Number of protein chains: 2
Amino acid sequence: MSRIAYVNGQYVRHADAAVHVEDRGYQFADGVYEVCEVWRGKLVDVPRHLDRLDRSLSELRIGWPMARAAVEFVLRQVVRRNKVVNGLVYIQVTRGVSRRDHFFPPENVAPSIVVTARSASPAAAKAQAEKGIAVVSYPENRWPRVDIKTVALLPNVLAKQNAKENGGKEAWYVDGDGNVTEGGSTNAWIVTKEGVLVTRPAEGGILRGITREAVLELVQKEGLAFEERPFTLTEAYDAKEAFVTAATTLVMPVTKIDDRIIGNGHPGTVATRLRDLFHTATDLKAV
Amino acid sequence: MSRIAYVNGQYVRHADAAVHVEDRGYQFADGVYEVCEVWRGKLVDVPRHLDRLDRSLSELRIGWPMARAAVEFVLRQVVRRNKVVNGLVYIQVTRGVSRRDHFFPPENVAPSIVVTARSASPAAAKAQAEKGIAVVSYPENRWPRVDIKTVALLPNVLAKQNAKENGGKEAWYVDGDGNVTEGGSTNAWIVTKEGVLVTRPAEGGILRGITREAVLELVQKEGLAFEERPFTLTEAYDAKEAFVTAATTLVMPVTKIDDRIIGNGHPGTVATRLRDLFHTATDLKAV
């Protein structure tokens with residue numbers, strides 16, 4: 001079966017899925033995106049993803065490429081046409097195609113929309129989660145508007161590639177105060193020696209992760225000891241547990257940060273429990 | 001005549017010039033670019049532009065999409081096929097097409113190359129230069145690697161759009177120390193009340209502009225009083241003259257910064273002379 005993508009009004013073969021070279025996403029990183037988890041053929045947290053897409057578009061003053069309900073329909077169509085049971089669906093919206101000029105294009109230029117989907121192996125993810133991942137710290141060097149989910153991801157690419165070349169699967173940004181801000185494409189969490197879950201507030205400096213929000217709800221529901229505050233890299237080194245959250249990785253235990261083994265070097269009980277709970281919750285809310 | 005673009009080995013109609021949706025330039029801003037002036041059918045400062053392209057690619061560890069000489073040939077072909085006499089030629093190189101993943105793609109993924117050209121009116125530019133432009137200050141909010149000419153230009157788009165909406169044609173970034181770093185797509189210069197030309201060193205925080213370098217040579221050749229040092233926005237407000245340089249605008253006088261009229265509100269003598277000299281020098285070196 002050939003993969004199908006949706007590009008500006010048409011379902012096309014993935015191999016033929018193309019945008020104009022003067023699409024502002026290509027020349028200016030002038031666009032935003034979302035990645036939704038597909039779980040047993042259903043989409044997880046779609047309303048939250050579309051709410052965040054709405055906020056990203058609004059912050060950049062890009063219009064919706066079509067009605068929100070139509071976007072949601074296309075997401076489901078692309079998942080269905082690609083027969084994705086478990087995996088993810090990706091949506092990108094840019095400020096459209098216009099002669100290259102930094103200034104916003106004329107009002108009549110329509111935003112571009114691209115939707116793709118692909119399968120991912122729950123078994124592989126489970127195996128990874130049972131092993132945990134290593135993260136590698138990296139000096140925070142992104143612009144302050146990381147609360148907007150833009151495609152200007154080059155800094156993240158370089159931070160994550162650095163992690164990979166140093167044996168890690170994720171980068172953890174550390175700001176000038178020594179605080180961990182977030183991962184290259186995940187939110188960062190620790191469990192202190194005292195058993196308190198800690199993650200940074202999403203009021204600035206990080207993206208308000210959808211999975212982060214969903215995990216926060218589980219934390220509250222379970223009545224786990226929790227503090228929403230910045231934490232330092234040193235505190236993370238000494239933590240009992242660490243983990244990251246994202247739609248693509250869900251709750252993924254971190255067993256090593258730089259050269260430091262976290263806890264006993266195995267996925268922690270809190271992270272593992274949250275991952276299990278997350279799946280149960282997902283079963284209920286995936287639609 | 002229909003416009004022609006060069007995309008990954010083929011000359012195509014501009015309307016059909018497309019890249020895959022999983023080109024890393026589109027999804028990650030993982031690419032770099034150059035804009036060369038076309039002057040009387042010839043290209044200005046090609047060796048310098050290709051040197052800088054080489055540095056940008058090298059900093060990001062992206063390979064050349066083809067031999068440098070071949071790239072230069074394509075630049076000239078695209079200019080010729082579009083019958084551009086005066087205007088510009090644009091080249092973009094990205095890390096290529098690969099399944100979406102922040103990490104660098106496998107070694108066998110070839111970089112993408114796109115080249116476009118278009119005409120610009122020297123008469124319109126001259127009229128603009130005789131009038132001067134207004135610039136609008138903007139808080140520096142880009143990542144520190146602005147010395148690399150990447151397509152992660154969303155912050156520049158927003159700064160320049162803000163300038164436009166406040167009556168300006170360019171944004172001037174001002175850092176936390178109150179110093180002007182550079183324009184949204186130009187380098188920034190002033191002439192102090194004492195008649196000293198000032199521009200910021202290109203050792204960090206700005207792009208090493210090709211036109212900036214060419215103007216620096218003219219400044220030296222003419223023996224003009226000159227200091228390469230940071231200057232503050234306040235100093236710029238009180239300057240005798242101000243101007244910006246870029247391959248697209250050459251030397252463009254600035255007659256207003258925010259609400260402050262610069263000098264007598266007309267293009268300054270130093271800026272005007274440098275613009276004239278630049279054209280003469282360009283006649284000699286365009287090839």
Side-chain angles (χ1 to χ4, degrees), chain A residues 5 7 12 14-33 35 59-61 88 90 92 94-95 99-104 112 114-116 118 139 141-145 148 150-161 163-165 169-171 184-185, chain B residues 5 7 12 14-33 35 59-61 88 90 92 94-95 99-104 112 114-116 118 139 141-145 148 150-161 163-165 169-171 184-185:
Chain A
V7 183
V12 296
H14 187 265
D16 300 330
V19 289
H20 195 265
V21 297
E22 288 192 324
D23 188 297
R24 294 178 62 94
Y26 198 59
Q27 298 193 318
F28 292 113
D30 194 5
V32 299
Y33 74 105
V35 183
E59 289 291 316
L60 299 185
R61 294 195 278 150
L88 55 88
Y90 173 87
Q92 177 167 347
T94 76
R95 206 182 301 275
R99 196 184 83 162
R100 187 177 184 278
D101 186 346
H102 288 70
F103 302 121
F104 291 178
S112 298
V114 172
V115 179
T116 60
R118 68 175 171 82
N141 69 346
R142 298 169 302 162
W143 76 323
R145 295 310 308 275
I148 312 173
T150 80
V151 293
L153 291 170
L154 177 58
N156 307 59
V157 163
L158 299 179
K160 289 191 69 121
Q161 179 65 17
K164 185 179 180 184
E165 291 172 7
K169 293 232 180 254
E170 177 58 303
S185 59
Chain B
V7 183
V12 296
H14 187 266
D16 300 330
V19 290
H20 195 264
V21 297
E22 287 193 323
D23 188 298
R24 293 179 62 93
Y26 198 60
Q27 297 193 320
F28 292 112
D30 194 5
V32 299
Y33 74 105
V35 183
E59 290 290 317
L60 299 184
R61 294 194 278 151
L88 55 88
Y90 173 86
Q92 177 168 346
T94 76
R95 207 181 301 275
R99 196 184 84 162
R100 188 178 184 277
D101 187 344
H102 288 71
F103 301 121
F104 291 179
S112 297
V114 172
V115 179
T116 59
R118 68 175 171 82
N141 68 347
R142 299 170 301 162
W143 75 325
R145 296 311 307 276
I148 311 173
T150 80
V151 293
L153 290 170
L154 177 59
N156 307 59
V157 163
L158 299 179
K160 289 190 69 122
Q161 180 65 16
K164 185 179 181 183
E165 290 171 8
K169 293 233 180 251
E170 177 58 304
S185 59

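Letters A, B, ... are given to chains in the order of the sequence lines, protein chains preceding strands, and every chain is numbered from 1. Keep in mind that what you see is a predicted model, and the values were worked out from it rather than measured. These numbers come from the heavy atoms of this one structure, side chains and all, not from hydrogens, waters or symmetry mates.
The structure places CG of B:L158 at 9.5 Å from OG1 of A:T150, a figure rounded to the nearest 0.5 Å. Rounded to the nearest 0.5 Å, atoms CD (B:Q27) and OG1 (A:T116) are 6.5 Å apart. A:D30 CG to B:N156 CG: the interatomic distance, rounded to the nearest 0.5 Å, is 11.0 Å.
Heavy-atom pairs under 4.5 Å with chain A peak, among B:A152, B:G25, B:A163, at B:G25. Contact count versus chain A (heavy atoms, under 4.5 Å) is highest, among B:E165, B:R95, B:R24, for B:E165. The choice from A:R118, A:R142, A:K164, A:R145 that makes the most heavy-atom pairs within less than 4.5 Å of chain B is A:R118. Between chain A and the residues B:Y90, B:Y26, B:W143, the largest count of heavy-atom pairs under 4.5 Å involves B:Y26. Between chain A and the residues B:P155, B:A5, B:G31, the most heavy-atom pairs under 4.5 angstrom are made by B:P155. Contacts with chain B were tallied for A:L60, A:V7, A:D16; A:L60 has the most, counting heavy-atom pairs under 4.5 Å.
Shortest non-hydrogen contact noted between A:H102 and B:S185 is CE1-CB, 3.6 Å. Heavy atoms only, all atoms of each residue included: B:V35 and A:R100 are closest at CG2-NH1, 4.2 Å. When all heavy atoms are compared, the tightest approach of A:L153 to B:A29 is N-CB, 4.2 Å.
Only the side chain of A:Y33 comes within less than 4.5 Å of a heavy atom in chain B; its backbone stays farther off. Residue A:V114 touches chain B through its side chain alone, counting heavy-atom pairs closer than 4.5 Å. Heavy atoms closer than 4.5 Å to chain A are found in the backbone of B:A15, but not in its side chain. The contact between B:Q92 and chain A is made entirely by side chain atoms (from C-beta outward), counting heavy-atom distances below 4.5 Å. Both the backbone and the side chain of B:V21 come within less than 4.5 Å of a heavy atom in chain A.
Checked by atom type and distance alone, the side chain of B:H20 pairs as donor or acceptor with a backbone atom of A:H14 at under 3.5 Å.
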